[in-house]
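In what follows, every heavy atom counts, from backbone to side chain, and hydrogens, waters and symmetry copies are set aside. Atoms within a ligand are numbered from 1 in the order they appear, just like the ligands themselves.
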Amino acid sequence: MPDTMQAVRIHQYGDTDQLQLETIPIPQPQANEVLVRVHAVGVLPADNKTRQGFFKNFRPITFPYTPCSTFAGVIEALGANVTNFKVGQPVFGRTTNGAAAEYITASIATIAPKPDAITFAEAATISGGATTAWSALFDNANLQPDQHVLIHAAAGGVGLFAVQFAHWKGAHVTGTASAANLDFVRSLGAETVIDYNVVPFEDEVHNMDVVLDSVGDDTTSRSMVVLKPDGILVSLLGPPDQAEAQKHGIRAMNNTVITQPYPSTSLLQTIADLMASGTIKTHIAEEFSLADVRLAHQRVDTGHSRGRVILRLT
Ligand SMILES: NC(=O)c1ccc[n+]([C@@H]2O[C@H](COP(=O)([O-])OP(=O)(O)OC[C@H]3O[C@@H](n4cnc5c(N)ncnc54)[C@H](OP(=O)(O)O)[C@@H]3O)[C@@H](O)[C@H]2O)c1
């Protein structure tokens with residue numbers, strides 16, 4: 001193994017020009033960590049928001065900073081105390097140490113073995129997409145069979161999993177998307193898909209048990225009127241206005257992670273098994289090389305990816 005590697009780093013908050021490909025030492029895995037040779041990295045909207053400094057007041061970062069957190073790769077070395085993973089094992093999951101690099105370290109609490117039946121790129125779409133959809137629908141909203149759920153941004157990296165999980169649970173799914181994604185969202189199991197550019201969703205949808213909002217702004221308040229009394233709005237974009245929720249007689253919450261660590265090995269494994277069996281599928285919006293990380297971030301910044309943008313290293 002070489003001593004150095006290529007890694008993406010930023011030295012200050014800013015636009016995609018801040019993303020630099022640099023040569024730095026390969027990190028050492030600490031206790032309860034593994035060193036992973038990275039094959040694929042998911043680029044989340046949160047990675048772009050972090051780069052731009054949106055979270056700097058409550059989640060400041062230390063520079064130089066390597067962006068991205070969701071990955072898949074092969075274990076290269078084990079830190080102290082690691083007995084449940086082995087060198088050469090394909091894994092995927094989340095790291096807080098920066099994923100956009102040739103080698104990364106990750107806690108064993110937030111990774112899982114990658115099934116052979118899914119690719120590294122597919123596995124890199126699970127954390128931050130599928131895990132978020134799962135916890136919002138099943139932990140926060142406690143979605144039940146036969147309930148009616150509205151899923152906004154149903155073609156996105158979270159939404160595409162949310163539609164499938166809700167359908168798999170036996171709920172009736174309505175999704176919102178633009179014209180180019182209507183058939184795609186239907187293919188995921190949505191009974192109704194609304195083109196948000198053509199018709200206000202609140203004209204079409206009523207008496208929902210649950211709304212999953214990953215769009216925010218006025219979509220959050222407009223979603224409150226489509227819920228039945230005591231229905232649940234789960235927002236991925238910050239705490240909804242409680243006075244407004246009370247006025248509509250609904251419950252509104254920010255998505256909160258109930259299990260720690262998050263995502264847990266068992267949640268990652270559950271979702272990967274559903275994908276490996278063909279029950280749930282993912283979608284790669286586009287793959288970029290590590291050298292093209294700026295293009296990848298620009299693609300995510302459009303806000304109109306179908307599925308997840310991936311950095312592909314091998
Ligand atoms: N709090 C958390 O834990 C958490 C976790 C994950 C994500 N998030 C946030 O949730 C948001 C979505 O994440 P993501 O990964 O799903 O993003 P994404 O993959 O970038 O979502 C893109 C999708 O959004 C759709 N879209 C854009 N504007 C829309 C609108 N007005 N109505 C309906 N759909 C619209 C697009 O569909 P069209 O191309 O058809 O327009 C596209 O398919 C992001 O802001 C992210 O930061 C929060």
Protein contact to [atom] [nearest heavy atom, distance to 0.1 Å]:
atom: atom 5 (C) of ligand 1; answer: Thr132 CG2, 3.4 Å
atom: atom 10 (O) of ligand 1; answer: Ser214 CB, 3.7 Å
atom: atom 9 (C) of ligand 1; answer: Leu237 CD2, 4.0 Å
atom: atom 1 (N) of ligand 1; answer: Leu236 O, 3.0 Å
atom: atom 19 (O) of ligand 1; answer: Gly157 N, 2.7 Å
atom: atom 17 (O) of ligand 1; answer: Pro45 CG, 3.3 Å
atom: atom 16 (O) of ligand 1; answer: Val158 N, 2.9 Å

Does a side chain donor of either [X] or [Y] reach within less than 3.5 Å of an acceptor in the other side chain?
X: Thr16; Y: Arg294; answer: no
X: Ser178; Y: Asn197; answer: no
X: Thr282; Y: Thr125; answer: yes
X: His297; Y: Asn48; answer: yes
X: Asn255; Y: Ser135; answer: no
X: Gln144; Y: Asn142; answer: yes

Next on the checklist: Could you check whether any side-chain N or O of Asn97 sits under 3.5 Å from a backbone N or O of Thr105, counting only pairs where one atom can act as donor and the other as acceptor?
Outcome noted: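 Yes; judged by distance alone, with no hydrogens or angles, the pair exists.
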Next on the checklist: Quick check against the 3.5 Å criterion: does Thr302 have a side-chain atom that pairs as donor or acceptor with the backbone of His304?
Outcome noted: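 The answer is yes, because a donor-acceptor pair under 3.5 Å joins these two groups.
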Check each of [options] against [atom] and report the one with the nearest heavy atom.
atom: atom 36 (C) of ligand 1; options: Ala162, Gly156, Ala153, Gly303; value: Gly303
atom: atom 30 (C) of ligand 1; options: Phe201, Phe161, Tyr196, Tyr262; value: Tyr196
atom: atom 37 (O) of ligand 1; options: Thr176, Thr219, Asn48, Asn181; value: Asn181
atom: atom 40 (O) of ligand 1; options: Ser178, Gly42, Ser235; value: Ser178

Test of understanding: given a 4.0 Å heavy-atom threshold, classify the contact between [X] and ligand 1 as side chain, backbone, both, or neither.
X: Val215; result: side chain
X: Asn254; result: neither
X: Ala155; result: both

Does [X] reach ligand 1 with a nitrogen or oxygen that is under 3.5 Å from one of the ligand's nitrogen or oxygen atoms?
X: Ala177; answer: no
X: His304; answer: yes
X: Val300; answer: no

Item to check | ligand 1 contacted by Ser305 (non-hydrogen, < 4.0 Å) | outcome: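 It does, in that a heavy atom of Ser305 comes within the 4.0 Å cut-off of ligand 1.
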If the cut-off is 4.0 Å to any non-hydrogen atom of [X], which atoms of ligand 1 fall inside it?
X: Lys49; result: 44 (C), 45 (O), 46 (C), 47 (O)
X: Gly128; result: 6 (C)
X: Arg308; result: 15 (O), 19 (O)
X: Asn255; result: 1 (N), 2 (C), 3 (O)

Checklist entry - Under 30°, 30 to 60°, or over 60°: which ring-plane class applies to Phe120 and His39, parallel, tilted or perpendicular? => result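 Parallel.
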Checklist entry - Does Arg37 come within less than 4.0 Å of Glu76, counting only side-chain N to carboxylate O? => result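 Here Arg37 does not pair with Glu76 in a salt bridge, since their nearest N and O are not under 4.0 Å apart.
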Checklist entry - Would you say Ile232 and Leu227 make side-chain contact, with heavy atoms under 4.5 Å? => result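 Result no, sub-4.5 Å side-chain heavy-atom pair not found.
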Next on the checklist: Would you say that Ile151 contacts Thr176 through its side chain, given a criterion of any heavy-atom pair below 4.5 Å between the two side chains?
Outcome noted: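 No, their side chains stay 4.5 Å or more apart.
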Checklist entry - Hey, would you say the Tyr13 and Phe54 ring centroids sit under 6.0 Å apart? => result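 Ring-ring flag for Tyr13/Phe54: false, centres at least 6.0 Å apart.
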